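Only one structure is covered here, and it is reproduced in the block below.
Just so we're on the same page: letters track the sequence lines, and every chain starts at 1. It should be emphasised that the depicted structure is a prediction, and the values quoted were computed from it without experimental measurement.
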There are 2 protein chains.
Amino acid sequence: MLDVQSPVCKSHHRAMRDTLDVISGKWKLLILSALKERTVRFNELTRELEISPRILSRELKDLERNKLVKRTVRKTRPVTVEYERTAHAATLDPLIEAVYEWGYLHYERVAGTKRPHDPTEAE
Amino acid sequence: MLDVQSPVCKSHHRAMRDTLDVISGKWKLLILSALKERTVRFNELTRELEISPRILSRELKDLERNKLVKRTVRKTRPVTVEYERTAHAATLDPLIEAVYEWGYLHYERVAGTKRPHDPTEAE
DNA sequence: CTGTATCCCGTAAGATACTG
DNA sequence: CAGTATCTTACGGGATACAG
């Protein structure tokens, strides 16, 4: 049988799957992006990203498990928890940047076919 | 500085969502990656990516709808269909490259925490 | 404030069989 | 070969209420 897929393509494929397994989904990159500049508390994130606490909790755990965020409990009055990116997460910056760049540059193109939100736009 | 969500962050967020809406999911980037070098036929893709025809069909339609792949019917013996990337898809190269790079460089790290590997596959 | 516990829905994804 | 038709399962994602 002819070798349809070269070993190069295979490993390429595998590497991409590895990445996608970690960062795919609706939220992970957005969360990491939100943590890019500063440390953020749980509820801050729910508000900023408009994500339900249930989902956020799960996503943060995933990210923590993959060593991309660090969770810190601060013994304040009611107790606050701060999330911050790890150094490892910083290695995702080029990827995040690429995602942002593409969305920014090709916004109109995307808008033509689909565009799900923003209620500020009058209907 | 205490402006929790600056307009910059908002638009950043939006741009990322736009990108994610188009390329998120398990398959789209892998498909585009497979089409990077050459034109590929439908069944070739199902074999190379180990994706079921149903899913592949849907993904290709999505990509076509977003002007990322071009479908060409060749009037051969039983009829073959070739898929190729559009010029627009080429603008995703930096993103795809970033996905590949990260998976490649941080493979070990990922392996430690999760690795849904396919045991049937030997290399 | 920081989550967890339920309940629910839509869709992604897969297996298989079948048609043009 | 290139898909489509079903059917089924799994999971992502959301709403809400509640607990620590």
Interatomic distance where CG belongs to B/D21 and C1' belongs to D/dG13 [whole Å]: 14 Å
CA sep, side-chain torsions, deciding dist, call: B/S57, B/F42, side-chain contact (heavy atoms from CB on, under 4.5 Å): CA-CA 8 Å; B/S57 177; B/F42 187 86; 4.3 Å; yes
First of A/P53 and A/P78 reached from the 5' end of DNA chain C, by closest nucleotide: A/P78
B/Y83 side chain near D/dG3 phosphate (N/O to OP1/OP2, under 4.0 Å): yes
Please tabulate, one pair per line, each protein N/O and nucleotide N/O from nucleotides 11-15 of chain C that are separated by under 3.5 Å, including the distance.
residue : atom : partner : partner atom : Å
C/dA13  : OP1  : B/K26   : N            : 2.8
C/dA13  : N7   : B/R54   : NH2          : 3.2
C/dA13  : N6   : B/R54   : NH2          : 3.2
C/dG14  : OP1  : B/K26   : NZ           : 2.7
C/dG14  : OP2  : B/W27   : NE1          : 3.1
C/dG14  : O6   : B/R54   : NE           : 2.7
C/dG14  : O6   : B/R54   : NH2          : 3.4

Rounded interatomic separation in angstrom, taking CG from B/L60 and C1' from D/dT4: 14 Å
Where A/N66 and A/H88 come nearest, the two heavy atoms and their spacing: O-ND1, 3.7 Å
A/T86 (side chain) donor-acceptor with A/K67 (main chain) under 3.5 angstrom: yes
Rounded interatomic separation in angstrom, taking CD1 from B/I31 and P from D/dG3: 12 Å
Sugar-phosphate, base or nothing in reach of B/R74, heavy atoms under 4.0 Å: nothing
Between C/dG3 (P) and A/E64 (CD): distance, integer Å: 9 Å
Passing candidate, salt bridge (Lys or Arg N to Asp or Glu O under 4.0 Å) with A/E82, options A/R74, A/K75, A/R71, A/R41: A/R74
Minimum heavy-atom distance between B/A34 and B/R38, given as atom pair plus value: O-NH1, 4.0 Å
Check: B/T19 side chain, A/W102 main-chain N or O, donor-acceptor pair, under 3.5 Å: no
Given B/L63, B/L60, B/T91, the one that forms side chain to side chain contact (heavy atoms under 4.5 Å, CB included) with B/L68: B/L63
B/S57 vs D/dT4: side-chain N/O to OP1/OP2 distance below 4.0 Å: yes
Separation of D/dG14 P from A/L49 CG (nearest whole Å): 11 Å
Stepwise side-chain contact (heavy atoms from CB on, under 4.5 Å) check, B/T72 with B/T39: CA-CA 10 Å; B/T72 308; B/T39 284; over 6 Å; no
Side chain of B/F42 (C-beta onward), nearest among D/dG3, C/dT2, D/dC1: D/dG3
Full working for side-chain contact (heavy atoms from CB on, under 4.5 Å) between B/R85 and B/D93: CA-CA 11 Å; B/R85 299 203 318 176; B/D93 279 347; 2.8 Å; yes
Watson-Crick or G-U pairs under 3.5 Å in DNA chain D, rendered as dot-bracket with [ ] for crossing pairs and | for another strand: ||||||||||||||||||.|
Euclidean distance, atom CZ of residue A/R77 to atom C1' of C/dT2 [Å, nearest integer]: 14 Å
Rounded distance in Å - CG (A/L56) to P (D/dG13): 12 Å
Length of the line joining A/R71:CZ and C/dT4:P, which is rounded to integer Å: 8 Å
